[in-house]
Amino acid sequence: MLRRLVLILLLCATTAFACSVPVFRYALEHWAADPYRVSVPHGVKLEGNFKVTFGAAQRIELRQPLMMRNDEVIWSADYTEANAKLLVDSPARQQIAERLANGESAVWVLLECGDKTKDAAAAKFLDERLEYLSSVMELPKLDQQDVKNGLVSIPGDGLRLAFSTLRLKRDDAAESAFIAMLLASEPDLRSLNEPIAFPIFGQGRVLYALVGKGIKVETVDRAAQFLIGSCSCQVKEQNPGVDLVMAVDWKQMVKAQAQPGQQLPELSQIADLLPQTVKIEGQSAPQPEPDRSRLYWGIGLALLALILVLGWLKGSSR
């Protein structure tokens, strides 16, 4: 009985920390991308979200973010200005950023395997299934307290439920660094000669890979439901997904989407690696204090559950 009570209290505490904001939107506004590690020749200045080290060789070597615990070089090339730009940005990533800027929930990148029959079948299925899901699924209703607390910058009627696909050839030289990041998002993907679908959302985050026959109704629906569902855990590291390198000013993108009646910025405005300086005239209106009642309630329940667990463990040890 005591154990069941503890589980109920822990569940209530977890729920108290949850929010009504869809995962794709919460990720866009709050989950900053982890920096990739890159080695470049001495004296080279590399712009972007990287942890840079300097090596003796005249090469670029790319490794995943430290939290992935993978020291393998996932992409390398001779150091040239062209290859440095290839590392930071590419045409496919620009298209993804443009679609996310237009409010799409996620962009599904289909990495082709080279077999025209398999690639065409996977693309047809994805296009049709995602179009259907966009027409029948519904976004969660936003809790106005979450809006007041700053968990989301736009009202519920400003959210858009939309998915699209983007086909990518595996041997596209202009996308070699981007493809390397996608294939490194899960072990053994590089050895699979099948079409692979990657739903990308938030600040350039790939949810997971759907491979070959795994691109089916159940898996696509499950991924779509997760992306548009309420964000039950606001800690990025406790959610599935791997970040990618994208040359986008995400804060500017969110700011533009939060201003109703104004057109979204052109991609050239948001895909800028350098921070922008904005002159603010006058004093902005004071922001209301966030309501922390749910936070305090959750902490109290968690502490109570902890006390009960400790008491139960002490009693059972006698």
Side-chain angles (χ1 to χ4, degrees), residues 27 30-93 96-97 107 109-113 168-212 214 223 226 233-248 250 271 273:
H30 301 286
W31 290 353
D34 294 317
Y36 274 66
R37 294 171 289 168
V38 62
S39 176
V40 294
H42 285 285
V44 169
K45 292 183 179 180
L46 190 66
E47 300 288 350
N49 188 26
F50 298 105
K51 286 187 176 297
V52 180
T53 58
F54 298 103
Q58 293 296 306
R59 292 188 64 78
I60 303 172
E61 293 186 342
L62 180 68
R63 292 176 173 82
Q64 288 184 300
L66 189 61
M67 59 86 58
M68 295 298 296
R69 299 179 181 178
N70 176 22
D71 287 330
E72 178 186 0
V73 175
I74 64 171
W75 181 81
S76 65
D78 292 334
Y79 177 78
T80 62
E81 290 188 8
N83 284 337
K85 291 180 180 178
L86 195 68
L87 170 65
V88 173
D89 200 11
S90 63
R93 281 177 279 181
I96 294 168
V107 179
V109 173
L110 179 65
L111 184 61
E112 299 177 351
C113 67
L168 191 60
K169 295 184 181 299
R170 198 169 298 209
D171 59 356
D172 188 342
E175 303 293 344
S176 60
F178 181 48
I179 291 171
M181 296 175 210
L182 291 173
L183 292 177
S185 63
E186 293 183 24
D188 304 325
L189 289 181
R190 280 175 287 189
S191 64
L192 302 177
N193 189 28
E194 297 287 342
I196 308 176
F198 299 91
I200 298 176
F201 66 106
Q203 297 188 14
R205 185 172 177 86
V206 55
L207 181 61
Y208 46 65
L210 283 67
V211 183
F226 172 80
C233 178
Q234 299 170 28
V235 180
K236 185 184 75 169
E237 289 73 16
Q238 295 180 9
N239 284 270
V242 177
D243 295 321
L244 305 167
V245 175
M246 294 186 65
V248 179
W250 299 106
L273 291 175

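Note that the OG atom of S185 and the CD1 atom of I74 stand 9.5 Å from one another [nearest 0.5 Å]. Note: L182 CG to I196 CD1 = 9.0 Å, rounded to the nearest 0.5 Å. Between the CG atom in L110 and the NZ atom in K169 there is a gap of 10.5 Å [rounded to 0.5 Å]. Taking CG of D171 as the reference point, atom CD1 of I179 lies at 7.5 Å (rounded to 0.5 Å). Expressed to the nearest 0.5 Å, how far CE of M181 lies from CG of L87 amounts to 5.5 Å. Once rounded to the nearest 0.5 Å, the distance linking CG of L111 with CD of E194 reads 12.0 Å.
Annotation: side chain of L86 is in contact with side chain of W75 (closest heavy-atom distance under 4.5 Å). Looking at K51 and L66, their side chains never come closer than 4.5 Å, going by heavy atoms from C-beta outward. Taking 4.5 Å as the limit, every side-chain heavy atom of K45 sits out of range of all side-chain heavy atoms of E47. A 4.5 Å side-chain heavy-atom check between E186 and V211 finds every atom pair outside the cut-off. The closest side-chain heavy-atom distance from M246 to D89 is not below 4.5 Å. Between F50 and V245, some side-chain heavy-atom pair lies under the 4.5 Å cut-off.
Nearest heavy-atom pair across R93 and A177 is NH2-CB, 4.5 Å. Contact detail for A174 and S90: the closest heavy-atom pair is O-CB, 3.5 Å. Across M68 and V242, no two heavy atoms sit closer than the pair CE-CG2, 3.8 Å. Smallest separation of non-hydrogen atoms from G241 and R205: O-NH2, 3.0 Å. Nearest heavy-atom pair, L189 versus F198, reported as atom, atom and distance to 0.1 Å: CD1-CE2, 3.9 Å. The minimum heavy-atom distance linking A33 with N49 is given by the pair O-ND2, 3.0 Å.
Side-chain atoms of N83 never come within 3.5 Å of backbone atoms of I60 as a donor-acceptor pair (strictly under, hydrogens ignored). Formation of a donor-acceptor pair under 3.5 Å by the Q64 side chain with backbone atoms of A184 is found in this model. Judged purely by atom type and a 3.5 angstrom limit, R59 has no side-chain atom pairing as donor or acceptor with the backbone of Y79. K236 places a side-chain N or O within donor-acceptor distance of the main-chain N or O of A32, the cut-off being under 3.5 Å. The backbone N or O of W250 lies less than 3.5 Å from no partner atom in the side chain of Q203, so there is not a single donor-acceptor pair.
Using cut-offs of 30° and 60° for the angle between ring planes, the F201 and F226 rings count as perpendicular.
The environment of E237 atom CD is dense: over 12 non-hydrogen atoms of other residues, nucleotides or ligands sit within 6.0 angstrom.
Salt bridge absent: E112 and R170 never bring a charged side-chain N and a carboxylate O closer than 4.0 Å.
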